[in-house]
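This one's a predicted model, so the numbers in the text were calculated from it and none came from an experiment. In this chain, residues are counted from 1 in sequence order.
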Amino acid sequence: MLICALAFLLAVPAGAGPLTLRSPAWADLSAGEKQILAPLAPEWDKLDAQRKQKWLGIAKRYPGMPPPQQERIREQMSTWARLTPDERRVAREQYKTLKQLPPEKRQDVQQKWQEYQQLPPEKRRELASPPASSQPATKTAPAAGSAPVTR
């Protein structure tokens, strides 16, 4: 046991602190990574190290993906890049909520999402837009001079 502890101490350089994630600047990326991650270019240097590593992992797997999956990744990246920071925060919260659902509920949500994706674009826009008025219609007062209705 003492030998294992000594081996560990000798293997770790003196002054080595906690491990930190690599957080490369856009300029430090390879040409291939830049090409794949191009939709994220304007925001790249603002991303935290963990998010950069996530996207770099996707970029590394990207060449081996089938073309339909590559297209889906490009679309998702472009959509993500267009979101405001608040919209991204909401999306992350929704993702966490979905991950916590029981498997059968998660499957129901996935089924409904697939059905939504199959709708024509105009129907999706209609469903995505807020209702014209969230307040119920109110009755108007009877016109002046009209007799009240009695029953």
A.B. asks: List the atom of Ala25, the atom of Asp45, and the distance in Å for their closest heavy-atom pair.
C.D. replies: CA-OD1, 3.2 Å
A.B. asks: For the pair Gln114 (side chain) and Gln111 (backbone), establish whether a donor and an acceptor sit closer than 3.5 Å, ignoring hydrogens and angles.
C.D. replies: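 Not confirmed, Gln114 side chain does not pair with Gln111 backbone.
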A.B. asks: Calculate, to the nearest 0.5 Å, the distance between atoms CG and CD belonging to Leu47 and Gln53 respectively.
C.D. replies: 11.5 Å
A.B. asks: With a 6.0 Å cut-off (strictly less than), is the heavy-atom count around CD of Gln107, excluding the residue itself, greater than 12?
C.D. replies: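 Atom CD in Gln107 is not crowded, with 12 or fewer foreign heavy atoms closer than 6.0 Å.
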A.B. asks: Nearest 0.5 angstrom please: Arg72 CZ to Met77 CE, how far?
C.D. replies: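 One gets 11.0 Å once the value is rounded to the nearest 0.5 Å.
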A.B. asks: Any side-chain heavy-atom pair from Thr79 and Arg82 closer than 4.5 angstrom?
C.D. replies: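 Result yes, sub-4.5 Å side-chain heavy-atom pair found.
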A.B. asks: List the steps and the verdict of side chain to side chain contact (heavy atoms under 4.5 Å, CB included) for Ile58 and Lys54.
C.D. replies: CA-CA 6 Å; Ile58 290 171; Lys54 178 193 133 268; 4.2 Å; yes
A.B. asks: In sequence, state the C-alpha distance, the side-chain angles, and the governing distance for Leu29 and Leu56, and then conclude on side chain to side chain contact (heavy atoms under 4.5 Å, CB included).
C.D. replies: CA-CA 9 Å; Leu29 299 180; Leu56 286 170; 3.7 Å; yes
A.B. asks: Leu83 and Ile73: same hydrophobic cluster, using ILVMFWY side-chain contacts below 4.5 Å?
C.D. replies: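 In one cluster with Leu83: Ile73, yes.
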A.B. asks: Mind running side chain to side chain contact (heavy atoms under 4.5 Å, CB included) on Arg124 and Gln117 for me, showing each step along the way?
C.D. replies: CA-CA 8 Å; Arg124 282 190 274 165; Gln117 294 291 76; 3.7 Å; yes
A.B. asks: Where is the tightest heavy-atom contact between Ala81 and Pro39, given as atom of each residue plus distance?
C.D. replies: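 Ala81 and Pro39 have their closest heavy atoms at CB-O, 3.1 Å.
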A.B. asks: Rounded to the nearest 0.5 Å, how far apart are CZ of Arg88 and CZ of Arg51?
C.D. replies: 9.5 Å
A.B. asks: Tell me if the CD atom of Glu71 is crowded by more than 12 foreign heavy atoms within 6.0 Å.
C.D. replies: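 More than 12 heavy atoms, drawn from other residues, nucleotides or ligands, come within 6.0 Å of this atom.
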A.B. asks: Starting at CZ of Arg74, measure out to CD1 of Ile36 and round the result to the nearest 0.5 Å.
C.D. replies: 9.5 Å
A.B. asks: Would you give the length of the straight line joining atom NZ of Lys46 to atom CG of Leu40, rounded to the nearest 0.5 angstrom?
C.D. replies: 12.0 Å
A.B. asks: Any salt bridge between Glu115 and Lys112, counting N to O under 4.0 Å?
C.D. replies: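 Answer for the salt bridge query: no.
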A.B. asks: How long is the straight-line distance from CZ of Arg125 back to CG of Leu119, given to the nearest 0.5 Å?
C.D. replies: 12.0 Å
A.B. asks: Would you please test Met65 and Tyr62 for side chain to side chain contact (heavy atoms under 4.5 Å, CB included) and show each step?
C.D. replies: CA-CA 5 Å; Met65 294 176 183; Tyr62 185 88; 4.3 Å; yes
A.B. asks: Any idea which heavy atoms bring Trp26 and Lys34 closest together, and the distance?
C.D. replies: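 Residues Trp26 and Lys34, closest heavy atoms: O-CE, 3.0 Å.
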A.B. asks: Can you confirm whether Glu43 sits close enough to Trp80 that some side-chain heavy atom of one is under 4.5 Å from a side-chain heavy atom of the other?
C.D. replies: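 Heavy-atom side-chain distance check fails, nothing below 4.5 Å.
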A.B. asks: Is there a donor-acceptor pair under 3.5 Å between the side chain of Trp44 and the backbone N or O of Pro24?
C.D. replies: yes
A.B. asks: With a 4.0 Å cut-off, would you call Glu93 and Lys96 a salt bridge?
C.D. replies: no
